[in-house]
Amino acid sequence: MKKKETYESKTPKVYKSPKLNQSNFGDFTHTDYLVYLMLLSKLGGVDKNGKYLQPEELKREHTLSAKEFGQMFKVAQPHSYVALKKAVNKLLKTDITVPEDGTNSYWRINVCSQAKYVKDEGKINIKFTDDIMPYLKQVKERFMVYNLADISNFKSIYATRLFELLQEFKETGWMIKSLDELRHSFSVGSKYTNYGHFKSRTIVPACEEINKNYHMKVRFEEIKDGKSVTAIKFIFKPVLVLKLINETTGETKTRFIKHEKKIIDITSQTKLTKLKSTDKKLKPAPKKIKKNGGWLSSVIKFFRKK
DNA sequence: AATTGGACGTATTTGCGACG
DNA sequence: CGTCGCAAATACGTCCAATT
């Protein structure tokens, strides 16, 4: 029954460097963005030993079918074709903007150099550019990976983006972003110049939607400089990190205890009023796990300095 | 004078079924 | 697999009155 040497993860995962994660994606609609993410999930990967593949080893050309897209995001059949078609246009026309380290400059890069919609087969072929590859380099520090399925229930792009941003800090439990950074990552452009509008139309609904789907308890505080808000501090339940040590071999492993997914009652889904804080608490992670084939584990929390 | 929050009308997206 | 077209849901721009 057990299968070894899997090259492709059964659950599609998105691999990104923080910079790519923080990038601005122009005028992608939510569906365009999902197509882009799904393509990214085909790009990254691990080898048979579970090691991340480095850019040189990655395949550049990928195919995405309307069917698999529809299944992943529960998009009705006819619509997924249209979605792919439109996304092809966007992917070719739009470039993404990535902040450069230590400066206020931005790089604008194209995601793909070729894209085609294969008629009668309902799929797209795209070829990623050289420019995006460095951002897929798997460096240990804060490299982020998450399951595509994790975001499949989000309806708004801001929820998706906020969720992605929070993934970088999932072990920390909080994240501070300046308004400018947020506006950049949310790609709002010149929209919502009024802070109140920005808040009520992006930050608040995004937090609500994430909490609707996960026991994550995201909330935020406004950080003010004088009277005006300049940054937002997001606070949420961090994931637990289990460090496993094999006493006999001295080998170590790391396990993450993710946020529990909420089960959404489909019957009441149409009009979800604000969820009361009767949410079940996260199952407390065991402080000690019994010896299990030589693996002894203890809970270690990691803190990261900002 | 400049900022904010609410409200409202319009434009854009999305969901869905019929159908070829 | 793919098109069409309509209805519902969201997103967005803008105006206005209250606030500082």
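Below, chain A is the first sequence line, B the second, and so on; all start at residue 1.
Backbone-only contact: Tyr117(A) has heavy atoms under 4.0 Å from sugar-phosphate atoms and none from a base. Residue contacts shown for Ser156(A) are limited to sugar-phosphate atoms, with no base heavy atom under 4.0 Å away. Across all strands shown, Lys199(A) has no heavy atoms under 4.0 Å from either base or sugar-phosphate atoms. Here Lys67(A) lies out of heavy-atom contact (under 4.0 Å) with every strand. Using a 4.0 Å heavy-atom cutoff across all strands shown, Phe198(A) reaches no nucleic acid atom at all.
For DNA chain C, the contact window with chain A, defined by any atom under 4.0 Å from a protein heavy atom, covers dC1(C) to dT20(C) in 5' to 3' order.
Judged by distance alone, the side chains of Glu168(A) and Gln22(A) do bring a donor and an acceptor atom under 3.5 Å apart.
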field: Nucleic acid footprint by protein, nucleotides 6-20 of chain B - heavy-atom cut-off 4.0 Å, B for base, S for sugar-phosphate alone
entry: BBB----SSS-BB--
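Rounded to an integer number of Å, the gap from OH of Tyr195(A) to C1' of dT3(B) is 14 Å.
Judged by distance alone, with hydrogens and angles left aside, the side-chain atoms of Thr202(A) form no donor-acceptor pair with the main-chain N or O of Tyr158(A) at under 3.5 Å.
With contacts defined as side-chain heavy-atom distances shorter than 4.5 Å, the pair Met72(A)/Leu148(A) qualifies.
A salt bridge is absent between Lys258(A) and Glu260(A); no separation between the charged side-chain nitrogens and carboxylate oxygens falls under 4.0 Å.
The aromatic rings of Phe186(A) and Phe198(A) are tilted relative to each other, their planes meeting at an angle between 30° and 60°.
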Side-chain polar contacts of residues 33-42 of chain A - donor-acceptor pairs under 3.5 angstrom, sequence neighbours left out - could you list them?
residue  : atom : partner   : partner atom : Å
Tyr33(A) : OH   : Lys16(A)  : NZ           : 3.2
Tyr33(A) : OH   : Arg161(A) : NH1          : 2.9
Tyr33(A) : OH   : Glu164(A) : OE1          : 2.6
Ser41(A) : OG   : Met38(A)  : O            : 2.6
Lys42(A) : NZ   : Thr63(A)  : O            : 3.3
Lys42(A) : NZ   : Glu68(A)  : OE1          : 3.3
Lys42(A) : NZ   : Glu68(A)  : OE2          : 3.4

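The cationic group of Lys85(A) lies under 6.0 Å from the six-membered ring centre of Tyr117(A) and within 45° of the ring axis, placing it in a cation-pi geometry.
Of the residues listed (Leu91(A), Thr129(A), Leu92(A)), the one engaging Asn110(A) in a side chain to side chain contact (heavy atoms under 4.5 Å, CB included) is Thr129(A), and it is the only one.
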